[in-house]
Asks: 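So that we are looking at the same thing, I have put the structure below in structure tokens.
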Amino acid sequence: IEQSPHSNAAFRLCDKVERFQQPNRSCICTADAGSSQGVNGLIAKRSEVIKELEQTLADGQEDEKLQRLARIQLLLQDVPGAVKSCEQLIAMSPQVPAYRLALARTYLATGDRTKAAAAYQEALKTELPTETRGSVLLTTAECFEQIGQRKKAASIYLQLADPQGSLSF
């Protein structure tokens, strides 16, 4: 598959922004990689950046590229775009828990606890790894508690205290 220079530039940009966002990866401190001022410039030009990234996905939206686009859209505060990208991932592979969790985390990051709780509930219907299931349950309960749905939250907290019991909403 031949990639255009335009496509490569967009994904180098993704890598730069992701490295800035993830401190455990190499930090941005060289002239080649940019600086925090460079990332602030990206945020200022977010519509241009997002448009360029979307164009790179025009020829077949591969899962990894779409996941990266969703992360960058959220970083650049394009919430509707991030939600759309997550929903596209879910439509492509509905049983992949990571995509539903990404959607839930997107809603959570924007403060929409109602939509986050609903997305976490959908993720709980998939085959979540055991080590992830507990934290997803806890976050779902916290969302319900914060939006005033204390009975639903209490039901989940009780299940977390007694993992053998049933979970009903």
Asks: Which distance, rounded to the nearest 0.5 Å, do you find between the CD of E142 and the CG of L137?
Replies: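 Going from the CD atom of E142 to the CG atom of L137 covers 11.0 Å.
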
Asks: If you take all heavy atoms of L108 and C143, which pair is closest and at what distance?
Replies: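 Closest approach of L108 to C143: CD1-SG, 3.7 Å.
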
Asks: Run the side-chain hydrogen bond (donor to acceptor under 3.5 Å, both in side chains) test against Q149 and tell me which residues pass, sequence neighbours left out.
Replies: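 Result, side-chain hydrogen bond (donor to acceptor under 3.5 Å, both in side chains) vs Q149: K152.
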
Asks: Tell me every residue that passes salt bridge (Lys or Arg N to Asp or Glu O under 4.0 Å) with E122, counting only those two or more places apart in sequence or in another chain.
Replies: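 So E122 forms a salt bridge (Lys or Arg N to Asp or Glu O under 4.0 Å) with K125.
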
Asks: In Å and rounded to the nearest 0.5 Å, what is the CD1 to OG1 distance from I147 to T114?
Replies: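 Reported to 0.5 Å precision, the distance equals 4.0 Å.
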
Asks: I'd like to check V83 versus E87 (side-chain heavy atoms, cut-off strictly below 4.5 Å). Are they in contact?
Replies: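 Yes; the side chains approach each other to less than 4.5 Å.
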
Asks: If you define the side chain from C-beta out and look only at heavy atoms, does anything of L89 sit under 4.5 Å from L103?
Replies: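 Side chain of L89 against side chain of L103, heavy atoms only: no contact under 4.5 Å found.
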
Asks: Could you grab the distance from atom CD of Q121 to atom CD1 of I156, nearest 0.5 Å is fine?
Replies: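 Spacing of CD (Q121) from CD1 (I156) equals 6.5 Å.
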
Asks: Mind checking whether T132 and P97 have side chains closer than 4.5 Å, heavy atoms only?
Replies: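 No; the side chains remain at least 4.5 Å from each other.
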
Asks: Return yes when atom CD of E127 has more than 12 non-hydrogen atoms of other residues, nucleotides or ligands closer than 6.0 Å, and no otherwise.
Replies: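 No.
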
Asks: Closest approach of A70 and C86, non-hydrogen atoms and distance?
Replies: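 Here A70 and C86 meet closest at CB-SG, 4.1 Å.
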
Asks: Judged by atom type as modelled, is there a donor-acceptor pair below 3.5 Å linking the side chain of T139 to the main-chain atoms of V136?
Replies: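 The answer is no, because no donor-acceptor pair under 3.5 Å joins these two groups.
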
Asks: How long is the span from the CD1 atom in I90 to the CD atom in Q95, to the nearest 0.5 Å?
Replies: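 Going from CD1 on I90 over to CD on Q95, the span is 11.0 Å.
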
Asks: Measuring from atom OG1 of T126 to atom OH of Y99, what distance do you get when rounded to the nearest 0.5 angstrom?
Replies: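 Here the interatomic distance stands at 12.0 Å.
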
Asks: For G81, is there any backbone N or O sitting under 3.5 Å from a side-chain donor or acceptor partner on S85?
Replies: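 Flag set: sc S85 to bb G81 pair under 3.5 Å.
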
Asks: Could you state the interatomic distance from CZ (F144) to OH (Y157), rounded to the nearest 0.5 Å?
Replies: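 That separation rounds to 11.0 Å.
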
Asks: Please list all pairs meeting salt bridge (charged side-chain N to carboxylate O under 4.0 Å, His left out) that have one or both residues in residues 92-115, counting only residues at least two apart or in different chains.
Replies: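 Of all non-adjacent pairs touching residues 92-115, none passes salt bridge (charged side-chain N to carboxylate O under 4.0 Å, His left out).
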
